[in-house]
Colleague: 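Right, I'll just put the structure down here and ask away after.
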Amino acid sequence: MTQSASISLHEIQHATEKKAIRHKLWFTATTLVILGYLSFSWIAFDISSLKEKWRPDRAAMFILDTYANKDHVTMQWDTLDDVTVAFEGGRRQVYTEEPEWFQTASDGGRVVSFKNGGLITFYSDEITLDWPGETEVYSFKRNAEGKPYVVGYENRIDELPEWIRQTKNKVEIRPSLFERLQVGTRRVEAHRYKVGWAYFWFDFDSPLRDVSIFKAVGLMFSSERVVPDMSNATLVRTEFLDNSLWNHGTVLFAMVETVFMALLGTMIAAGVGLPLAFMAARNIRPVWIARFLLRRTFDTLRGIDTLIWSLIFLRAFGPGLFTGIFAIAFTDIGTLGKLMSEAIENADEKQREGIQSTGASTIQQHRFGILPQILPVFISQSLYYLESNTRSAVIIGAMGAGGIGLQFLGALQTGSDFENVAYMALLVLITVIAIDSLSSRLRRALIGYERPAQ
Amino acid sequence: MNSSITNLPNNLGRLELELKSLQRRKSIYTVFGIAITALIVVTGIDLANESNATPFSQGFTKIFDFPKDMLVMAWDLGFTRWWARVIEFTPDLLLTVNMALLSTFLGFVTAAILACFASQNICRNKAVVVITRRSLDLFRSFPEIVIALIFLYLIGGKSLLPAVFAIWIHTTGALGKLFSEAIENIDIKPLEGLESTGCSWISKVRFGVLPQVLPLYFSYAILRLEINVRASTILGFFGAGGIGQALSTMIQWRDGGRVVAIFFLLVTTIIALDYLSDWVRSKLIGARS
């Protein structure tokens, strides 16, 4: 007895050791495969070239532009009276009243003062830069050929601090990200950045330019008209929607279009998919050939994928909502049809039989015996697809169907309106999150519990 | 006993009243639902008819024009020459599949790590759980295309990496949520057993959590891989590379034979992956239960 126990103990020990060795081998093999795959990907995706391709200047501009805006102070050499201060350098966005950071000094120089105490002074033939923390005041002039230079550094450009860059036709001064001075052969430009999205509510030309949004909302209910020929409510609305810098009207309309694309696409998919799913379920339709054909139809619809469907519909309908609606609907008829027919096959037969025993017709059996069982799955899956289709609709839109996707692509391709890119990205994000939380709330309200998404 | 009998008609009356009010509420909900649906449909079709260059009735008859054109061109090529085009684009297809594979793998790893911090039963710090969950939600909400296009712009020149990066982020969000749900549903007893031995948090996760959730993890990841192949094709269409980009070029060139070849490759791959993932998932889930 004792001997057999000790033998089996020995055997157990042996088996455990063997198992441990096998485990170790497996672990090593898996690690090696993963490492091999990663190093293969390193080469296949050319990750080492990323360093050269990466454009830090673009990235810095992009990030700066998304959260800051700038005023330009521009002077043509020798015309000190003609210095203009304009928002983002726009020709139509010139300040008529000079801002408080732009003053005339006693010696006639025009002084731009920066938040950190730095001063840039414009004279008709000289620009000076007095920066806190610097031991000297830098001065920029033009030589006989009209080329700008840094006074005192004519022959020792190498000794300039690294934020002053002298090229043949230009001196570029950038003490930090938030200040910039460009001295060229014909004109001088100083950029003064400030954080925030300027003129977000009302644009530069608007009579409501300097009115805050809260004040504007208050104005809507006051009878004293800002502009005599329209009511304040109309004024606030049109000025907001026609904002030429942010294009709220166009952007918001595009966002609504995208949401409708997803909404209608999903609704069609659900409305068509559910009856088809009944026909494709084994317990409803015993004729196997119909079932088989429907199943393959679902597979094909799904397999062709939203991308190809959108390309096909783009040719048929041209850019517009129908393209997106049908692309989404066609793909999801396949997906929802498959999921639902599986759910119907898994439904409990007893309830249907009970209803059958009362002498109900086939349609009634399905309606009262099966539909209530699969309704929670149907609703939760449809809502889940609505969420993911909102994201798809953005993509289909960018492919040419319109909506926010196309606007986003357009803004990105200008290469300068990054604040608009950020605004639209944020808008899409907020909409997707809103639809997510709305649909999960609806799901909870309708079926009482949250089903994990797939 | 006696009082309940005398109350019976009264109770029945109350029951009937309640039933009626329930029915009324139900019919109100139904009417409300139908009204909202009708409103959405009418507004939507109105919007669509306005925004579309081609009206619905006209467009509908033209649905098959484009596929027909392309198919006719492919048919004129003859099978062998068409098949050569299929072979020609197979490397592009593999590139796209590899993009999806890499981003799914990376997303799997980050999601598996983040999921530990998003599950209340193994991460006791409530603030960490909430923050991790919210960031997972955020990762999931961004459409891939937004991230991909921005990074494509920031990286001068062509590269597959923005797409990989974008899909990676989205996958992290999507899988992270599912993984943390899986962790929250595990059997807590092995964890308690491990805790009694005084082992570290990492060994607790390694020996108490991972063995329970890994089959489910793989099953989710394979479904995700299928979704990601579709996504990486689409991102390729916007210049990320791979078969999507080839498709976009060939459509511009109106090269029907090649377009049909690419469609064929895509559809077969997606359907094959679909069946494969169904099969693997049923095996994994079957092995678990």
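Every chain is numbered from 1 and lettered A, B, ... according to where its sequence line falls, protein lines coming before strand lines.
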Colleague: If we define contacts as heavy-atom pairs under 4.5 Å, which of A/Thr431, A/Ile312, A/Leu409 has the most with chain B?
Modeller: A/Ile312
Colleague: First locate atom CG of B/Asp278, then atom NZ of A/Lys338, and finally report the distance between them rounded to the nearest 0.5 Å.
Modeller: 3.5 Å
Colleague: Non-hydrogen atoms of chain A under 4.5 Å away: do they reach the side chain of B/Asp69, the backbone, both or neither?
Modeller: neither
Colleague: List the atom of B/Ile270, the atom of A/Arg302, and the distance in Å for their closest heavy-atom pair.
Modeller: CG2-O, 4.5 Å
Colleague: Let me know if B/Leu161 has heavy atoms under 4.5 Å from chain A in its side chain, its backbone, both or neither.
Modeller: side chain
Colleague: So B/Ile40 and A/Phe260, do their side chains get closer than 4.5 Å, heavy atoms only?
Modeller: yes
Colleague: Is it the side chain or the backbone of B/Met99 that comes within 4.5 Å of chain A heavy atoms, both, or neither?
Modeller: both
Colleague: Any idea which heavy atoms bring B/Gly44 and A/Leu321 closest together, and the distance?
Modeller: O-CD1, 4.1 Å
Colleague: Side chain from CB out, backbone as N, CA, C, O: work out which of these in B/Tyr29 comes under 4.5 Å of a heavy atom of chain A, or both, or neither.
Modeller: neither
Colleague: Do A/Asp305 and B/Phe263 come close enough that some side-chain heavy atom pair is under 4.5 Å?
Modeller: no
Colleague: Against chain A, label B/Asp274 side chain, backbone, both or neither, depending on which of its atoms sit under 4.5 Å from a heavy atom there.
Modeller: side chain
Colleague: Out of curiosity, A/Gln413 CD to B/Tyr153 OH, how far, rounded to the nearest 0.5 Å?
Modeller: 10.5 Å
Colleague: Would you sort out whether B/Ile145 and A/Val394 count as a side-chain contact (heavy atoms from CB on, under 4.5 Å), showing the intermediate values?
Modeller: CA-CA 8 Å; B/Ile145 191 170; A/Val394 177; 4.2 Å; yes
Colleague: Could you tell me which portion of A/Val421 (side chain, backbone, both or neither) has an atom closer than 4.5 angstrom to a non-hydrogen atom of chain B?
Modeller: side chain
Colleague: Which bit of A/Leu38 comes within less than 4.5 Å of chain B, counting heavy atoms only: side chain, backbone, both or neither?
Modeller: side chain
Colleague: Report which part of A/Ile435 has an atom under 4.5 Å of a heavy atom belonging to chain B: side chain, backbone, both, or neither.
Modeller: neither
Colleague: Which answer fits B/Thr269, side chain, backbone, both or neither, if we ask what part of it has an atom under 4.5 Å from a heavy atom of chain A?
Modeller: neither
Colleague: Do B/Arg140 and A/Asp436 come close enough that some side-chain heavy atom pair is under 4.5 Å?
Modeller: yes
Colleague: Which bit of B/Phe237 is near chain A, if near means a heavy-atom gap under 4.5 Å: side chain, backbone, both or neither?
Modeller: side chain
Colleague: What option among B/Leu235, B/Leu102, B/Ile45, B/Leu273 has the most heavy-atom pairs under 4.5 Å with chain A?
Modeller: B/Leu102
Colleague: Which atoms of B/Ile251 are under 4.5 Å from chain A, going by heavy atoms: the side chain, the backbone, both sets, or neither?
Modeller: both
Colleague: Considering only heavy atoms, which portion of A/Phe313 lies under 4.5 Å from any heavy atom of chain B: side chain, backbone, both, or neither?
Modeller: side chain
Colleague: Among B/Val164, B/Leu266, B/Ile147, B/Ile150, which residue forms the greatest number of heavy-atom pairs with chain A at distances under 4.5 Å?
Modeller: B/Ile150
Colleague: Does a side-chain heavy-atom distance below 4.5 Å link B/Asn98 with A/Tyr37?
Modeller: yes
Colleague: Answer with side chain, backbone, both or neither: which region of A/Met399 has an atom nearer than 4.5 Å to a non-hydrogen atom of chain B?
Modeller: both
Colleague: In terms of heavy-atom proximity below 4.5 Å to chain A, should B/Tyr275 be classed as side chain, backbone, both, or neither?
Modeller: side chain
Colleague: Run the side-chain contact (heavy atoms from CB on, under 4.5 Å) check on A/Arg315 and B/Asp65 step by step: do they pass?
Modeller: CA-CA 8 Å; A/Arg315 294 294 160 131; B/Asp65 285 5; over 6 Å; no
Colleague: Would you mind checking which part of B/Leu247 comes under 4.5 Å of any heavy atom in chain A, side chain (CB onward), backbone (N, CA, C, O), both or neither?
Modeller: side chain
Colleague: Mind checking the CG-CG spacing from B/Leu138 to A/Leu429? Nearest 0.5 Å is all I need.
Modeller: 5.5 Å
Colleague: May I ask you to name which of B/Leu101, B/Thr268, B/Ile262 has the most heavy-atom pairs under 4.5 Å with chain A?
Modeller: B/Leu101
Colleague: Quick check for you: among B/Pro67, B/Ser141, B/Ser248, which has the greatest number of heavy-atom pairs under 4.5 Å with chain A?
Modeller: B/Ser141
Colleague: Taking atom CG of B/Leu106 and atom OG of A/Ser41, what is their separation to the nearest 0.5 Å?
Modeller: 8.0 Å
Colleague: After noting the C-alpha distance and the side-chain angles of A/Leu314 and B/Phe66, does the key distance pass the side-chain contact (heavy atoms from CB on, under 4.5 Å) rule?
Modeller: CA-CA 9 Å; A/Leu314 207 54; B/Phe66 173 62; over 6 Å; no
Colleague: Side chain, backbone, both or neither: which part of A/Ile395 has an atom under 4.5 Å from a heavy atom of chain B?
Modeller: both
Colleague: Is there a side-chain contact between B/Val267 and A/Thr300 in this structure, where contact means two heavy atoms from C-beta onward sitting under 4.5 Å apart?
Modeller: no
Colleague: Taking B/Arg230 for its side chain and A/Thr306 for its backbone only, find out whether a donor-acceptor pair lies under 3.5 Å.
Modeller: no
Colleague: For chain B, which candidate among A/Gly402, A/Gly405, A/Ser392, A/Ala398 shows the most heavy-atom pairs at distances under 4.5 Å?
Modeller: A/Ala398
Colleague: For A/Leu264 versus B/Val41, what's the shortest heavy-atom pair and its separation?
Modeller: CD2-CA, 3.8 Å
